[in-house]
Amino acid sequence: MDKERIKIILITEKHFGSEISVSGWVRTKRQSKNVSFITLNDGSTVNSLQIVLDMNDFDLELVDDINSGTSLSISGKLVKSEGKNQDFELIANELKILGKSDPEEYPIQPKRHSFEFLREVAHLRPRTNTFSSIFRIRHSIIFAIHKFFNDKGFYNIHTPIITSSDAEGAGEMFKVTSLDLDKKNIDFKDDFFSKPVNLTVSGQLNAELGALALSEVYTFGPTFRAENSNTSKHLSEFWMIEPEMAFYDINDNMDLAEEMLKYVIRYVLDRCNDDLLFLENLEKNEEKSLPQIQRNEYALIERLSKITENTFDRVSYTDAFNILRNSKPNKKGKFKFKVDEWGIDFQSEHERYLVEKHFKNPVIVIDYPREIKAFYMRSNEDNKTVAAMDVLFPTVGEIIGGSQREERLDMLTKRMDEMNVSKKDLSWYLDTRRFGTVVHSGFGLGLERLVQFITGMKNIRDVIPFPRTPGNCNY
RNA sequence: GCCUUCUUAGCUCAGUUGGUUAGAGCAGUAGACUGUUAAUCUAUUGGUCCUAGGUUCGAGUCCUAGAGAAGGCGCCA
């Protein structure tokens, strides 16, 4: 007898009419005198398998012990369903309870729970349709990213998680130590690495070393930021993809970013239709209680399809600045931060206006003022801007930040001096410019922000299995 | 970190200008039911109204402080 996962049973007909065995967790049970129904899910798909129990064949005591959350192993015959909501059902002839679930204690009920409540039981939320869908889609996104780069000949390199570099300026870092912090007069020379070290905030500088040897590389690793950020778009621990390519200028960099995002979204559209449909319906139901203006103009799957079909808009910082300065909300004083002086950094409200109101399309903004960007970005001819690029998406905002890197040693060291970045600490980085430097580019993609966009989830804490945020590190 | 709002049963929520013994649906429990679909029907258990002070004859409701959460903002991916 075949032991099979529910996904295979439901999408192929190969088991129809035969004896099979399945295992999974009970979603609901509907019990009556002569016949009972169990909705069984094993996480392989958002869809569940209906199990039919003829009550003449089973002890009442056994069936009474089956509740939401109970794990079961069942053998039976797969037949055409007499009910309306499913094509197949399993007529059970053997049933074994693997693990009981006390219905008075089990927090997941067969009803709608708030995401806030499910965050408090994050260890059990993968048992819900919503979160199992999200985590299956998250897997497909991860897999598609690796496949995209592998198919293009990129090499995946692991950049360090513990780092002695703190010159990247990407935010507050978590310190890593094996010292007893209760002791006074701590000297980091006595610490494990004989110096202070941190958790990484970016693999970029290390990835550049790889690119300047293997030409095209990418990192895909955890990233840690100790910023006290309390928003629906920030995590203290998240996953970042950072491709880094030798012989790519800023235009090649933009082309790659756009191609990658479209590839990944297409991949998910092609393979996760059931999960996307489920999330789309969830979103529609949520939006019913919202005023029209707060609802999405297009349903989830259509939003994703549009991304893959249309070319991203590309605009220089200066042009975007002029669009914003001349925009209605700016003239009417609707922006909290007025757009009046060239050189300001765009705020969330400005990015959202560009993407959602002006272009109504993903936008890549390039050539930002040098003063608001990092030291390693390549200076443009105008001596005012750098070859930076930010990919802005609807709802989630900045999904990618990247640049062409400054490959000219004299220009790079000049910027480091101006911005007080230690040349001594980064001498290994400068060596790439001393020995066979080349034009190169790269960018960073926040995995969770992409998952957020693709699943339509409003809060980033709901697209990572175990979210870490200020004051919150459980499980 | 800042601003705003919220915290009532296991969950989702109602609770009037401060006024008897704080309610509903779902879940749970007991029973009924020949095919259900978050099954249905009957009965029923369940409360530190976030915490600590205060005002008042009287506080779920008003005030102060604290804790936690959500949304927005900043920092960024």
Side-chain angles (χ1 to χ4, degrees), chain A residues 27-39 47-56 64 67-69 79 81-86 89 91 101-121 128-129 168-172 201-204 221-242 257 285 294 335-337 345-352 372-374 390-393 396-402 443-453 458-464 469-472:
Chain A
R27 286 290 162 78
T28 59
K29 178 187 66 170
R30 296 172 290 280
Q31 189 171 342
S32 64
K33 199 174 182 180
N34 295 313
V35 64
S36 293
F37 301 92
I38 294 166
T39 303
N47 299 306
S48 294
L49 179 66
Q50 172 153 284
I51 311 294
V52 183
L53 303 181
D54 185 333
M55 294 302 280
N56 297 316
D64 277 344
N67 296 293
S68 291
V79 300
S81 177
E82 289 176 39
K84 282 177 185 169
N85 290 13
Q86 58 280 317
E89 62 191 18
I91 309 288
S101 173
D102 183 347
E104 302 223 45
E105 300 286 329
Y106 188 58
I108 311 291
Q109 289 170 26
K111 61 168 254 180
R112 273 202 38 88
H113 288 287
S114 66
F115 293 128
E116 290 86 347
F117 170 71
L118 290 170
R119 245 169 256 156
E120 289 167 18
V121 287
T128 64
N129 284 335
E168 294 154 44
E172 290 294 310
V201 292
S202 166
Q204 182 201 316
T223 310
F224 308 89
R225 303 269 168 96
E227 292 289 344
N228 190 8
S229 295
N230 293 292
T231 82
S232 55
K233 294 183 180 66
H234 291 85
L235 292 164
S236 310
E237 176 184 291
F238 63 100
W239 292 74
M240 192 152 67
I241 298 98
E242 293 173 288
N285 283 327
Q294 287 175 33
F335 285 143
K336 197 174 164 193
F337 297 89
D345 204 356
F346 295 152
Q347 309 294 323
S348 299
E349 58 180 350
H350 306 139
E351 294 178 352
R352 212 175 305 131
I372 58 173
K373 289 293 182 184
D390 282 2
V391 181
L392 310 180
F393 259 37
V396 290
E398 184 183 343
I399 202 165
I400 280 178
F443 61 82
L445 165 70
L447 174 69
E448 283 75 15
R449 290 198 182 162
L450 182 58
V451 180
Q452 233 188 316
F453 179 76
K458 303 283 181 290
N459 195 313
I460 201 165
R461 297 163 194 197
D462 297 328
V463 299
I464 187 167
T469 53
N472 191 335

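Chain letters run A, B, ... following the sequence lines, proteins first and then strands; every chain starts at 1.
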>> On the side chain of A:H234, is there an atom forming a donor-acceptor pair with the base of B:C76 - under 3.5 Å, no angle test?
In response: yes
> Do the side-chain N or O atoms of A:S232 get closer than 4.0 angstrom to the phosphate oxygens (OP1, OP2) of B:G72?
Replying inline: yes
> Any donor-acceptor pair under 3.5 Å joining the side chain of A:E172 to the base of B:G1?
Replying inline: no
>> Only Watson-Crick and G-U wobble pairs, only distances under 3.5 Å, only runs of 3 or more: what stems does that leave for RNA chain B?
In response: B:1-7 with B:67-73, B:10-13 with B:23-26, B:28-32 with B:40-44, B:50-54 with B:62-66
>> Taking only side-chain N and O atoms of A:R352, does any of them lie within less than 4.0 angstrom of OP1 or OP2 on B:C73?
In response: yes
> Is there a side-chain contact between A:Q109 and A:S68, using heavy atoms and a 4.5 Å cut-off?
Replying inline: no
> For A:T28, which residues count as a side chain to side chain donor-acceptor pair (under 3.5 Å) partner, sequence neighbours excluded?
Replying inline: A:R30, A:T39
>> Roughly how many Å apart are B:G28 and B:U21, using the C1' atom of each and rounding to a whole number?
In response: 24 Å
> So, A:F37 and B:G35: ring centres less than 5.5 Å apart, planes less than 30° off, yes or no?
Replying inline: no
>> Just N and O in the side chain of A:N459: are any of them under 4.0 Å from OP1 or OP2 of B:G71?
In response: yes
Give me, pair by pair, the N or O atoms of the protein and of nucleotides 5-7 of chain B that are less than 3.5 Å apart, along with how far apart they are.
none

>> Please give the distance between the C1' atoms of B:G71 and B:A65 as a whole number of Å.
In response: 24 Å
>> Can you check the distance between B:A52 and B:U48, where both ends of the measurement are the P atom (answer in whole Å)?
In response: 12 Å
>> So, does A:R119 get its side chain near the phosphate of B:A70, meaning an N or O under 4.0 Å from OP1 or OP2?
In response: yes
> Who passes side chain to side chain donor-acceptor pair (under 3.5 Å) against A:D54, sequence neighbours left out?
Replying inline: A:N56
> Quick one: A:F117 CZ to B:C13 P, roughly how many Å, whole number?
Replying inline: 12 Å
> How would you list, by chain and number, every residue that makes a salt bridge (charged side-chain N to carboxylate O under 4.0 Å, His left out) with A:E448, sequence neighbours excluded?
Replying inline: A:R138
>> If I take atom CE in residue A:M55 and atom P in nucleotide B:G35, what distance separates them, rounded to the nearest angstrom?
In response: 13 Å
> With a 3.5 Å cut-off and just heavy-atom distances, do the side chain of A:S229 and the base of B:C76 make a donor-acceptor pair?
Replying inline: no
>> Under the rule for side chain to side chain donor-acceptor pair (under 3.5 Å), what residues qualify as partners of A:K233, not counting sequence neighbours?
In response: none
> Taking OP1 and OP2 of B:G74, is either one under 4.0 Å from a side-chain nitrogen or oxygen of A:Q347?
Replying inline: yes
> Taking the same atom, P, in B:U44 and in B:C3, what whole-Å distance lies between them?
Replying inline: 50 Å
> Among all residues two or more places apart in sequence or in another chain, which pass the salt bridge (charged side-chain N to carboxylate O under 4.0 Å, His left out) test with A:K373?
Replying inline: A:D390
> Run the side chain to side chain contact (heavy atoms under 4.5 Å, CB included) check on A:T231 and A:I460 step by step: do they pass?
Replying inline: CA-CA 9 Å; A:T231 82; A:I460 201 165; over 6 Å; no
> Partners of A:N85 by side chain to side chain donor-acceptor pair (under 3.5 Å), sequence neighbours excluded?
Replying inline: none
> When the P atoms of B:G15 and B:G31 are considered, how many whole Å apart are they?
Replying inline: 37 Å
Are there any protein N/O atoms within less than 3.5 Å of an N/O atom in nucleotides 26-34 of chain B, and if so, which ones and at what distance?
{"unit_1": "B:A27", "atom_1": "O4'", "unit_2": "A:Q109", "atom_2": "OE1", "d": "3.4"}
{"unit_1": "B:G28", "atom_1": "O2'", "unit_2": "A:E104", "atom_2": "OE1", "d": "3.1"}
{"unit_1": "B:G28", "atom_1": "O2'", "unit_2": "A:E104", "atom_2": "OE2", "d": "3.2"}
{"unit_1": "B:U34", "atom_1": "O4'", "unit_2": "A:N34", "atom_2": "ND2", "d": "3.1"}

Please list each protein N or O that sits under 3.5 Å from an N or O in nucleotides 45-49 of chain B, with the distance.
none

> What does A:E398 touch in the nucleic acid at a heavy-atom separation under 4.0 angstrom: a base, only the sugar-phosphate, or nothing?
Replying inline: sugar-phosphate
> Is there a donor on the side chain of A:R112 or the base of B:A38 sitting less than 3.5 Å from an acceptor on the other?
Replying inline: no
> Just to confirm, is there a sub-4.0 Å distance from OP1 or OP2 of B:G71 to any side-chain nitrogen or oxygen of A:T231?
Replying inline: no
>> Can you list everything that forms a salt bridge (charged side-chain N to carboxylate O under 4.0 Å, His left out) with A:R112? Sequence neighbours excluded, please.
In response: A:E286
> How many Å lie between CD on A:Q204 and P on B:C76, as a whole number?
Replying inline: 14 Å
> How far does the C1' atom of B:U45 sit from the matching atom of B:A38, given to the nearest Å?
Replying inline: 22 Å
> In chain order, what residues pass the salt bridge (charged side-chain N to carboxylate O under 4.0 Å, His left out) check against A:R119, with sequence neighbours excluded?
Replying inline: A:D462
